[in-house]
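One-based numbering, in listed order, for ligands and for the atoms of each.
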Amino acid sequence: MKLLEIQELGTSFRTGRDTVKAIDGVSFAVGEGERVALVGESGCGKSVTMQSILRLYDERKLVHYSGKIYYKGKDLLSLPQKDMQHIRGKEIAMVFQDALSALDPIFTIEDQITESIKLHQGLSGRAAQEAAADMLQLAGISDPYRRLGQYPFELSGGMRQRVMIAISLSCRPNLLIADEPTSALDVTIQAQIMELIMDLNRKLNMAVILITHDLAIVAETCTWALVMYLGQIVEEAPVKDLFSAPQHPYTLALIRSIPKITGERPKRLYAIEGMVPLLNNIPAGCRFAPRCPLTEERCRQENPLLISIPKENDRRHKSRCWRAGEL
Ligand SMILES: Nc1ncnc2c1ncn2[C@@H]1O[C@H](COP(=O)(O)OP(=O)(O)O)[C@@H](O)[C@H]1O
Ligand SMILES: [Mg+2]
(Lines give C-alpha, C1' and ligand atoms only; values in the text may rest on other atoms or scores of the structure.)
(Ligands and ions follow the chains in the order given, each with its own letter.)
Protein backbone atom coordinates (compact mmCIF):
# COMPACT_ATOMS: atom_id res chain seq x y z
CA MET A 1 0.00 0.00 0.00
CA LYS A 2 1.31 3.43 -0.95
CA LEU A 3 1.33 6.21 1.62
CA LEU A 4 -0.75 8.42 -0.68
CA GLU A 5 -2.69 7.24 -3.66
CA ILE A 6 -4.80 9.63 -5.68
CA GLN A 7 -7.25 8.24 -8.20
CA GLU A 8 -9.00 10.36 -10.80
CA LEU A 9 -9.11 13.48 -8.67
CA GLY A 10 -11.39 16.22 -9.93
CA THR A 11 -11.70 19.66 -8.35
CA SER A 12 -14.31 22.13 -9.58
CA PHE A 13 -14.94 25.66 -8.40
CA ARG A 14 -18.11 27.62 -8.66
CA THR A 15 -17.30 31.14 -9.79
CA GLY A 16 -20.40 33.27 -10.08
CA ARG A 17 -22.76 31.41 -12.36
CA ASP A 18 -20.04 29.25 -13.92
CA THR A 19 -18.34 26.12 -12.73
CA VAL A 20 -14.74 25.58 -13.77
CA LYS A 21 -12.92 22.29 -13.49
CA ALA A 22 -9.42 23.16 -12.28
CA ILE A 23 -8.29 19.55 -11.79
CA ASP A 24 -9.50 16.86 -14.15
CA GLY A 25 -8.70 13.19 -13.65
CA VAL A 26 -5.40 13.41 -11.79
CA SER A 27 -3.94 10.14 -10.50
CA PHE A 28 -0.60 9.49 -8.84
CA ALA A 29 0.94 7.82 -5.82
CA VAL A 30 3.63 8.67 -3.29
CA GLY A 31 5.43 5.95 -1.36
CA GLU A 32 6.79 6.25 2.18
CA GLY A 33 9.87 8.45 2.25
CA GLU A 34 9.66 9.08 -1.49
CA ARG A 35 10.53 12.43 -3.12
CA VAL A 36 8.10 13.38 -5.85
CA ALA A 37 8.15 16.57 -7.90
CA LEU A 38 5.11 18.22 -9.42
CA VAL A 39 6.06 20.67 -12.15
CA GLY A 40 4.35 22.89 -14.67
CA GLU A 41 3.87 26.54 -15.49
CA SER A 42 2.00 28.85 -13.23
CA GLY A 43 -1.76 28.27 -13.39
CA CYS A 44 -1.54 24.56 -14.30
CA GLY A 45 -3.24 23.36 -11.13
CA LYS A 46 -0.34 22.35 -8.90
CA SER A 47 -1.50 24.23 -5.82
CA VAL A 48 -5.14 23.29 -6.31
CA THR A 49 -4.12 19.61 -6.39
CA MET A 50 -2.28 19.96 -3.09
CA GLN A 51 -4.95 22.06 -1.40
CA SER A 52 -7.47 19.42 -2.49
CA ILE A 53 -5.47 16.69 -0.75
CA LEU A 54 -5.82 18.63 2.49
CA ARG A 55 -9.37 19.73 1.60
CA LEU A 56 -8.59 23.36 2.30
CA TYR A 57 -11.39 24.89 0.22
CA ASP A 58 -14.79 25.84 1.55
CA GLU A 59 -16.93 22.80 0.82
CA ARG A 60 -20.24 24.43 1.68
CA LYS A 61 -20.33 26.54 -1.45
CA LEU A 62 -17.16 26.91 -3.41
CA VAL A 63 -15.71 23.56 -4.31
CA HIS A 64 -16.68 20.12 -5.50
CA TYR A 65 -14.30 17.16 -5.40
CA SER A 66 -14.53 13.86 -7.21
CA GLY A 67 -12.34 10.75 -7.27
CA LYS A 68 -10.39 9.23 -4.38
CA ILE A 69 -7.51 10.42 -2.22
CA TYR A 70 -6.28 7.43 -0.25
CA TYR A 71 -3.92 8.23 2.60
CA LYS A 72 -2.71 5.08 4.38
CA GLY A 73 -5.62 3.34 2.71
CA LYS A 74 -8.31 5.75 3.97
CA ASP A 75 -10.14 7.97 1.48
CA LEU A 76 -9.65 11.53 2.71
CA LEU A 77 -12.50 12.79 0.56
CA SER A 78 -14.97 10.74 2.58
CA LEU A 79 -13.66 11.72 6.04
CA PRO A 80 -15.65 14.13 8.20
CA GLN A 81 -13.96 17.57 8.43
CA LYS A 82 -13.05 17.05 12.09
CA ASP A 83 -10.92 14.03 11.12
CA MET A 84 -9.23 16.13 8.45
CA GLN A 85 -7.91 18.38 11.22
CA HIS A 86 -5.96 15.43 12.53
CA ILE A 87 -4.60 14.66 9.07
CA ARG A 88 -3.52 18.28 8.50
CA GLY A 89 -0.45 18.93 10.51
CA LYS A 90 -0.20 15.58 12.24
CA GLU A 91 0.03 13.37 9.15
CA ILE A 92 0.46 15.71 6.22
CA ALA A 93 2.12 19.10 6.62
CA MET A 94 2.44 21.85 4.08
CA VAL A 95 4.88 24.71 3.59
CA PHE A 96 4.12 27.55 1.22
CA GLN A 97 6.05 30.13 -0.69
CA ASP A 98 5.03 33.00 1.49
CA ALA A 99 6.49 32.37 4.93
CA LEU A 100 6.05 35.96 6.04
CA SER A 101 2.30 36.02 5.73
CA ALA A 102 2.04 32.51 7.18
CA LEU A 103 3.64 33.67 10.44
CA ASP A 104 1.66 35.86 12.79
CA PRO A 105 3.50 39.20 13.23
CA ILE A 106 2.33 39.82 16.80
CA PHE A 107 3.56 36.55 18.32
CA THR A 108 7.11 35.40 19.00
CA ILE A 109 8.62 32.44 17.20
CA GLU A 110 8.33 30.49 20.44
CA ASP A 111 4.60 31.20 20.70
CA GLN A 112 4.05 29.98 17.17
CA ILE A 113 6.06 26.80 17.41
CA THR A 114 4.86 25.79 20.85
CA GLU A 115 1.24 26.26 19.78
CA SER A 116 1.70 23.36 17.41
CA ILE A 117 3.78 21.35 19.88
CA LYS A 118 1.18 21.74 22.62
CA LEU A 119 -1.55 20.68 20.25
CA HIS A 120 0.19 17.70 18.70
CA GLN A 121 2.64 16.48 21.30
CA GLY A 122 0.73 17.44 24.47
CA LEU A 123 3.77 19.16 25.98
CA SER A 124 3.68 22.42 27.94
CA GLY A 125 5.93 24.91 29.73
CA ARG A 126 9.64 24.16 29.79
CA ALA A 127 9.24 20.87 27.90
CA ALA A 128 7.39 22.60 25.05
CA GLN A 129 10.09 25.27 24.88
CA GLU A 130 12.83 22.66 24.70
CA ALA A 131 10.95 20.80 21.97
CA ALA A 132 10.58 24.09 20.08
CA ALA A 133 14.32 24.72 20.31
CA ASP A 134 14.97 21.18 19.08
CA MET A 135 12.73 21.74 16.07
CA LEU A 136 14.56 24.97 15.20
CA GLN A 137 17.86 23.14 15.48
CA LEU A 138 16.54 20.40 13.22
CA ALA A 139 15.54 23.09 10.73
CA GLY A 140 19.15 24.28 10.69
CA ILE A 141 18.75 27.36 12.88
CA SER A 142 21.69 28.06 15.12
CA ASP A 143 21.29 29.74 18.51
CA PRO A 144 17.67 28.50 18.71
CA TYR A 145 16.92 29.90 22.19
CA ARG A 146 17.66 33.45 21.03
CA ARG A 147 15.45 32.94 17.96
CA LEU A 148 12.57 31.74 20.10
CA GLY A 149 12.25 35.17 21.67
CA GLN A 150 12.19 37.03 18.35
CA TYR A 151 9.31 38.21 16.18
CA PRO A 152 8.90 37.31 12.49
CA PHE A 153 9.98 40.76 11.27
CA GLU A 154 13.32 40.30 13.00
CA LEU A 155 14.19 37.32 10.78
CA SER A 156 15.35 37.15 7.17
CA GLY A 157 13.20 35.48 4.50
CA GLY A 158 15.28 32.31 4.55
CA MET A 159 15.15 32.17 8.34
CA ARG A 160 11.37 32.60 8.33
CA GLN A 161 11.03 29.74 5.88
CA ARG A 162 13.14 27.59 8.22
CA VAL A 163 10.81 28.52 11.07
CA MET A 164 7.82 27.51 8.94
CA ILE A 165 9.48 24.19 8.23
CA ALA A 166 10.23 23.74 11.94
CA ILE A 167 6.57 24.37 12.73
CA SER A 168 5.37 21.93 10.13
CA LEU A 169 7.81 19.29 11.41
CA SER A 170 6.85 19.67 15.03
CA CYS A 171 4.11 17.07 14.61
CA ARG A 172 6.38 14.62 12.76
CA PRO A 173 4.35 14.39 9.55
CA ASN A 174 4.74 11.40 7.25
CA LEU A 175 4.30 13.62 4.23
CA LEU A 176 5.50 17.14 3.63
CA ILE A 177 3.97 19.11 0.79
CA ALA A 178 6.29 21.94 -0.17
CA ASP A 179 4.50 24.34 -2.52
CA GLU A 180 7.17 26.48 -4.19
CA PRO A 181 8.87 26.81 -0.82
CA THR A 182 11.81 28.78 -2.15
CA SER A 183 10.35 30.98 -4.90
CA ALA A 184 10.45 34.10 -2.75
CA LEU A 185 14.07 33.58 -1.71
CA ASP A 186 17.34 34.36 -3.42
CA VAL A 187 19.31 31.61 -5.10
CA THR A 188 21.81 30.74 -2.37
CA ILE A 189 19.13 30.62 0.30
CA GLN A 190 16.93 28.57 -2.05
CA ALA A 191 19.62 25.92 -2.27
CA GLN A 192 19.99 25.82 1.51
CA ILE A 193 16.27 25.40 2.08
CA MET A 194 16.06 22.62 -0.52
CA GLU A 195 19.01 20.91 1.13
CA LEU A 196 17.24 21.17 4.46
CA ILE A 197 14.04 19.61 3.13
CA MET A 198 15.91 16.75 1.51
CA ASP A 199 18.01 16.23 4.63
CA LEU A 200 14.82 15.93 6.69
CA ASN A 201 13.42 13.53 4.13
CA ARG A 202 16.38 11.23 4.74
CA LYS A 203 16.64 11.68 8.52
CA LEU A 204 12.93 11.33 9.27
CA ASN A 205 11.96 9.16 6.29
CA MET A 206 9.33 11.80 5.56
CA ALA A 207 7.88 11.67 2.06
CA VAL A 208 8.02 14.95 0.16
CA ILE A 209 5.94 16.35 -2.67
CA LEU A 210 7.86 19.27 -4.07
CA ILE A 211 5.99 21.74 -6.21
CA THR A 212 8.13 23.95 -8.31
CA HIS A 213 8.40 25.51 -11.72
CA ASP A 214 12.16 25.16 -11.51
CA LEU A 215 13.22 21.96 -13.26
CA ALA A 216 16.84 22.40 -12.23
CA ILE A 217 15.80 21.91 -8.60
CA VAL A 218 13.84 18.78 -9.52
CA ALA A 219 16.85 17.20 -11.17
CA GLU A 220 18.90 17.66 -8.03
CA THR A 221 16.38 16.60 -5.44
CA CYS A 222 13.61 14.27 -6.54
CA THR A 223 13.35 10.71 -7.81
CA TRP A 224 9.95 10.81 -9.47
CA ALA A 225 8.37 13.60 -11.50
CA LEU A 226 4.85 14.53 -12.52
CA VAL A 227 4.32 17.14 -15.20
CA MET A 228 1.06 19.00 -15.10
CA TYR A 229 -0.67 21.04 -17.77
CA LEU A 230 -4.07 22.69 -17.50
CA GLY A 231 -5.39 20.50 -14.71
CA GLN A 232 -4.09 17.18 -15.98
CA ILE A 233 -0.91 15.13 -15.70
CA VAL A 234 0.71 15.00 -19.13
CA GLU A 235 3.82 13.03 -18.28
CA GLU A 236 5.20 11.03 -15.38
CA ALA A 237 8.52 9.26 -15.05
CA PRO A 238 11.56 8.64 -12.90
CA VAL A 239 13.35 12.00 -12.86
CA LYS A 240 16.40 10.80 -14.76
CA ASP A 241 14.23 9.41 -17.58
CA LEU A 242 12.19 12.57 -17.71
CA PHE A 243 15.32 14.56 -18.41
CA SER A 244 17.10 12.08 -20.66
CA ALA A 245 14.08 11.07 -22.73
CA PRO A 246 11.08 13.34 -22.26
CA GLN A 247 7.98 11.97 -23.97
CA HIS A 248 5.74 15.01 -24.11
CA PRO A 249 6.38 18.20 -26.11
CA TYR A 250 5.37 20.23 -23.08
CA THR A 251 8.00 18.58 -20.89
CA LEU A 252 10.55 19.07 -23.63
CA ALA A 253 9.71 22.76 -23.80
CA LEU A 254 10.02 23.06 -20.02
CA ILE A 255 13.43 21.39 -20.10
CA ARG A 256 14.62 23.60 -22.94
CA SER A 257 13.66 26.69 -21.04
CA ILE A 258 15.90 25.90 -18.07
CA PRO A 259 18.33 28.82 -17.97
CA LYS A 260 21.82 27.74 -18.97
CA ILE A 261 23.78 29.99 -16.68
CA THR A 262 23.35 28.68 -13.19
CA GLY A 263 22.78 31.19 -10.48
CA GLU A 264 21.16 33.72 -12.78
CA ARG A 265 17.44 34.24 -12.60
CA PRO A 266 15.75 34.34 -15.98
CA LYS A 267 13.46 37.29 -16.64
CA ARG A 268 10.73 35.10 -18.02
CA LEU A 269 10.75 31.56 -16.75
CA TYR A 270 9.46 29.85 -19.82
CA ALA A 271 9.88 30.68 -23.44
CA ILE A 272 7.00 28.43 -24.48
CA GLU A 273 4.82 30.18 -27.05
CA GLY A 274 1.50 31.50 -25.82
CA MET A 275 -0.11 31.10 -22.45
CA VAL A 276 -1.95 28.46 -20.44
CA PRO A 277 -5.59 28.78 -21.58
CA LEU A 278 -8.23 29.81 -19.08
CA LEU A 279 -10.37 27.13 -17.47
CA ASN A 280 -13.51 28.40 -19.17
CA ASN A 281 -11.81 27.93 -22.52
CA ILE A 282 -10.29 24.44 -22.38
CA PRO A 283 -9.29 23.27 -25.87
CA ALA A 284 -11.07 20.32 -27.41
CA GLY A 285 -8.62 17.49 -28.03
CA CYS A 286 -5.16 17.66 -26.48
CA ARG A 287 -5.04 20.56 -24.08
CA PHE A 288 -1.54 21.50 -25.17
CA ALA A 289 -2.33 21.34 -28.92
CA PRO A 290 -2.81 25.10 -29.45
CA ARG A 291 0.76 25.74 -28.26
CA CYS A 292 2.44 22.57 -29.48
CA PRO A 293 4.86 22.57 -32.44
CA LEU A 294 3.93 18.97 -33.30
CA THR A 295 0.16 19.39 -33.46
CA GLU A 296 -1.62 17.46 -36.17
CA GLU A 297 -5.28 16.91 -36.91
CA ARG A 298 -6.07 14.19 -34.37
CA CYS A 299 -4.45 16.27 -31.59
CA ARG A 300 -7.22 18.82 -32.08
CA GLN A 301 -9.91 16.14 -32.12
CA GLU A 302 -9.27 13.93 -29.14
CA ASN A 303 -7.40 14.30 -25.85
CA PRO A 304 -4.96 11.38 -25.59
CA LEU A 305 -4.88 9.24 -22.46
CA LEU A 306 -1.92 9.11 -20.09
CA ILE A 307 -0.36 5.80 -21.11
CA SER A 308 2.94 3.91 -20.97
CA ILE A 309 5.36 4.72 -23.74
CA PRO A 310 5.53 1.72 -26.06
CA LYS A 311 9.22 2.14 -26.85
CA GLU A 312 10.36 2.47 -23.28
CA ASN A 313 11.32 -0.51 -21.16
CA ASP A 314 10.08 1.16 -18.02
CA ARG A 315 6.31 0.79 -18.12
CA ARG A 316 5.97 3.44 -15.45
CA HIS A 317 7.04 6.17 -17.84
CA LYS A 318 3.77 7.60 -19.14
CA SER A 319 2.81 10.36 -21.52
CA ARG A 320 -0.41 11.94 -22.70
CA CYS A 321 0.58 12.59 -26.32
CA TRP A 322 -0.45 11.14 -29.68
CA ARG A 323 3.07 11.61 -30.94
CA ALA A 324 5.01 10.36 -27.91
CA GLY A 325 7.77 8.12 -29.13
CA GLU A 326 8.47 10.43 -32.08
CA LEU A 327 10.17 13.01 -29.89
N1 LIG B 1 -10.43 29.26 -5.43
C2 LIG B 1 -10.44 29.23 -6.77
N3 LIG B 1 -11.56 29.52 -7.48
C4 LIG B 1 -11.56 29.47 -8.82
N5 LIG B 1 -10.49 29.14 -9.58
C6 LIG B 1 -9.34 28.86 -8.93
C7 LIG B 1 -9.25 28.89 -7.50
N8 LIG B 1 -7.98 28.56 -7.15
C9 LIG B 1 -7.32 28.35 -8.31
N10 LIG B 1 -8.13 28.52 -9.38
C11 LIG B 1 -7.76 28.35 -10.78
O12 LIG B 1 -7.24 27.04 -10.93
C13 LIG B 1 -6.16 27.03 -11.85
C14 LIG B 1 -4.95 26.38 -11.23
O15 LIG B 1 -4.44 27.25 -10.22
P16 LIG B 1 -3.20 26.83 -9.30
O17 LIG B 1 -3.37 25.44 -8.82
O18 LIG B 1 -3.07 27.90 -8.27
O19 LIG B 1 -1.98 26.89 -10.31
P20 LIG B 1 -0.43 26.63 -9.99
O21 LIG B 1 -0.04 25.49 -10.86
O22 LIG B 1 0.26 27.89 -10.41
O23 LIG B 1 -0.28 26.35 -8.54
C24 LIG B 1 -5.96 28.47 -12.29
O25 LIG B 1 -6.60 28.66 -13.52
C26 LIG B 1 -6.63 29.26 -11.19
O27 LIG B 1 -7.11 30.48 -11.70
MG1 LIG C 1 0.78 27.42 -7.09
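Within a 6.0 Å radius of CD in Glu32, no more than 12 heavy atoms belonging to other residues, nucleotides or ligands are found. The number of heavy atoms from other shown groups lying within 6.0 Å of CD (Glu195) does not exceed 12. For Glu115, the CD atom sits in a loose shell: 12 or fewer heavy atoms of surrounding residues, nucleotides or ligands are nearer than 6.0 Å.
Applying the 4.0 Å criterion to heavy atoms of Cys44 picks out, from ligand 1, the atoms 19 (O), 20 (P), 21 (O). Close approach to Ala22 involves these atoms of ligand 1, each under 4.0 Å from a residue heavy atom: 12 (O). In summary, the atoms of ligand 1 found under 4.0 Å from a heavy atom of Ser42, numbered by their order in the structure, are 22 (O).
For ligand 1, the polar-atom distance check finds no N/O of Thr49 at less than 3.5 Å from any of the ligand's N/O atoms. For a threshold of 3.5 Å applied to N or O pairs, the pair formed by Leu279 and ligand 1 contains no separation below that value. For ligand 1, the polar-atom distance check against Val48 finds a nitrogen or oxygen pair separated by under 3.5 Å. For ligand 1, the polar-atom distance check finds an N/O of Gly45 within less than 3.5 Å of one of the ligand's N/O atoms. No N or O atom of Thr15 sits closer than 3.5 Å to an N or O atom of ligand 1.
Ring geometry for Phe288 against His248 counts as tilted: the plane angle lies between 30° and 60°, on a 0 to 90° scale.
For the Mg ion (ligand 2), the N/O/S atoms of Ser42 include none lying under 2.8 Å.
Rounding to the nearest 0.5 angstrom, the gap separating the CG atom in Leu242 from the NE2 atom in His317 is 6.0 Å.
The nearest heavy-atom contact from the protein to atom 24 (C) of ligand 1 is Gly43 O, 3.8 Å. For atom 3 (N) of ligand 1, the closest non-hydrogen atom of the protein is Phe13 CG, 3.4 Å. In terms of protein heavy-atom proximity, atom 18 (O) of ligand 1 is closest to Ser47 CB, 3.8 Å.
Side-chain atoms of Gln51 never come within 3.5 Å of backbone atoms of Tyr57 as a donor-acceptor pair (strictly under, hydrogens ignored). Remark: side-chain polar atoms of Arg14 are not paired, donor with acceptor, to backbone N or O of Leu62 under 3.5 angstrom.
Between Lys318 and Glu235 there is no salt bridge, since none of the side-chain N atoms of the basic residue sits less than 4.0 Å from a carboxylate O of the acidic one. Salt bridge status for Glu5 with Lys2: absent, with no side-chain N to carboxylate O gap under 4.0 Å.
Taking a distance limit of 4.0 Å, we find that atom 27 (O) of ligand 1 is approached by no protein heavy atom.
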